[in-house]
Amino acid sequence: QVQLVESGGGLVQPGGSLRLSCAASRSIFSFNAMGWYRQAPGKQRELVAAISTVGSVKYADSVKGRFTISRDNAKATVYLQMNSLKPEDTAVYYCKWLNWGNLSPLGGDYWGQGTQVTVSS
């Protein structure tokens, strides 16, 4: 499977900001929609934000107005700018190819390592 490498996580105080990056394969990056997911221990994995091949975006209600997803096809990278972070944003964040039509993840059950985001004072 094509590996997606997440980075940019860390420890931040409530109200702070982080920018996550997801590096992908340049050969296929521009032909697929991408999504950012997150999962906290004991909770279901949820889709946080998604971006289509033409730049359309969707957000979960819980992050709308605070998070911004973007993509740079030249760099084969997807970003998630996270502002006004809250403790409930604490989770492991993953990027993954997705089907824009039904917002389901592609690539089977492999999720990679993700990047840890911890929001705490």
Side-chain angles (χ1 to χ4, degrees):
Q1 291 182 285
V2 177
Q3 289 194 7
L4 302 172
V5 182
E6 302 93 342
S7 63
L11 175 63
V12 64
Q13 294 183 342
S17 298
L18 286 172
R19 189 184 73 162
L20 307 184
S21 299
C22 174
S25 173
R26 290 187 62 189
S27 63
I28 62 174
F29 178 80
S30 63
F31 300 101
N32 294 94
M34 299 288 295
W36 281 100
Y37 300 76
R38 69 184 181 188
Q39 186 170 32
K43 300 180 66 177
Q44 293 184 346
R45 181 167 45 242
E46 64 173 337
L47 177 64
V48 175
I51 186 165
S52 76
T53 57
V54 295
S56 298
V57 297
K58 294 182 178 179
Y59 299 98
D61 289 341
S62 59
V63 307
K64 193 172 299 182
R66 300 188 297 119
F67 291 10
T68 302
I69 187 172
S70 61
R71 65 190 297 164
D72 186 334
N73 289 345
K75 297 181 179 179
T77 302
V78 180
Y79 303 97
L80 185 67
Q81 178 66 47
M82 306 186 296
N83 299 325
S84 302
L85 283 163
K86 304 175 181 179
E88 52 262 44
D89 295 319
T90 296
V92 178
Y93 285 71
Y94 305 88
C95 64
K96 209 174 195 300
W97 312 111
L98 63 78
N99 183 311
W100 186 251
N102 59 17
L103 300 182
S104 62
L106 300 176
D109 295 328
Y110 178 76
W111 285 89
Q113 297 299 310
T115 185
Q116 176 72 49
V117 172
T118 303
V119 185
S120 177
S121 60

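The basis for the numbers below is simple: all heavy atoms, side chains too, and nothing from hydrogens, waters or symmetry mates.
Using a 4.5 Å cut-off between side-chain heavy atoms of Ile, Leu, Val, Met, Phe, Trp and Tyr, with links allowed through other members, Y79 and V5 fall into different hydrophobic clusters. Residues Y110 and L47 fall into different hydrophobic clusters, defined by Ile, Leu, Val, Met, Phe, Trp and Tyr side chains chained together at heavy-atom separations under 4.5 Å. Both L103 and Y94 belong to a single network of hydrophobic side chains, linked directly or stepwise wherever heavy atoms of I, L, V, M, F, W or Y lie under 4.5 Å apart.
By the 4.5 Å heavy-atom criterion applied to side chains, V12 and M82 are not counted as neighbours. The closest side-chain heavy-atom distance from V92 to Q39 is not below 4.5 Å. Side-chain contact between S56 and W100: present, with at least one pair of heavy atoms (C-beta onward) separated by less than 4.5 Å. W97 places a side-chain heavy atom less than 4.5 Å from the side chain of L4. With a 4.5 Å cut-off on side-chain heavy atoms, E88 and V119 do not count as touching. With a 4.5 Å cut-off on side-chain heavy atoms, K75 and S21 do not count as touching.
The minimum heavy-atom distance linking A50 with L98 is given by the pair CB-CD2, 3.7 Å. The two atoms that bring A40 and A91 nearest to each other are N-CB, 3.9 Å, heavy atoms only. Among all heavy-atom pairs drawn from S84 and S17, the shortest one is N-OG, 4.3 Å. Here the closest non-hydrogen pair linking T115 and G9 is OG1-N, 3.0 Å.
Residue Y59 holds its OH atom at 7.0 Å from CD1 of I51, rounded to the nearest 0.5 Å. The line from OG1 of T90 to CD of Q116 is 7.5 Å long, rounded to the nearest 0.5 Å. Residue R71 holds its CZ atom at 10.5 Å from OG1 of T77, rounded to the nearest 0.5 Å. The OG atom of S7 sits 13.5 Å away from the CD atom of Q113 when rounded to the nearest 0.5 Å. Remark: L20 CG to Q81 CD distance equals 8.5 Å, nearest 0.5 Å. Distance check: W111 CH2 to K96 NZ gives 5.5 Å after rounding to the nearest 0.5 Å.
For K86 and D89, the salt-bridge test fails: no basic side-chain N is under 4.0 Å from an acidic carboxylate O.
If you run side chain to side chain contact (heavy atoms under 4.5 Å, CB included) between V63 and each of T68, V48, L85, only V48 comes through.
Taking the six-membered ring where the residue is Trp, Y93 and F67 present tilted rings, their angle falling between 30° and 60°.
Pairs passing the disulfide (SG to SG under 2.5 Å) check and including a residue from residues 3-114, sequence neighbours excluded, read C22-C95.
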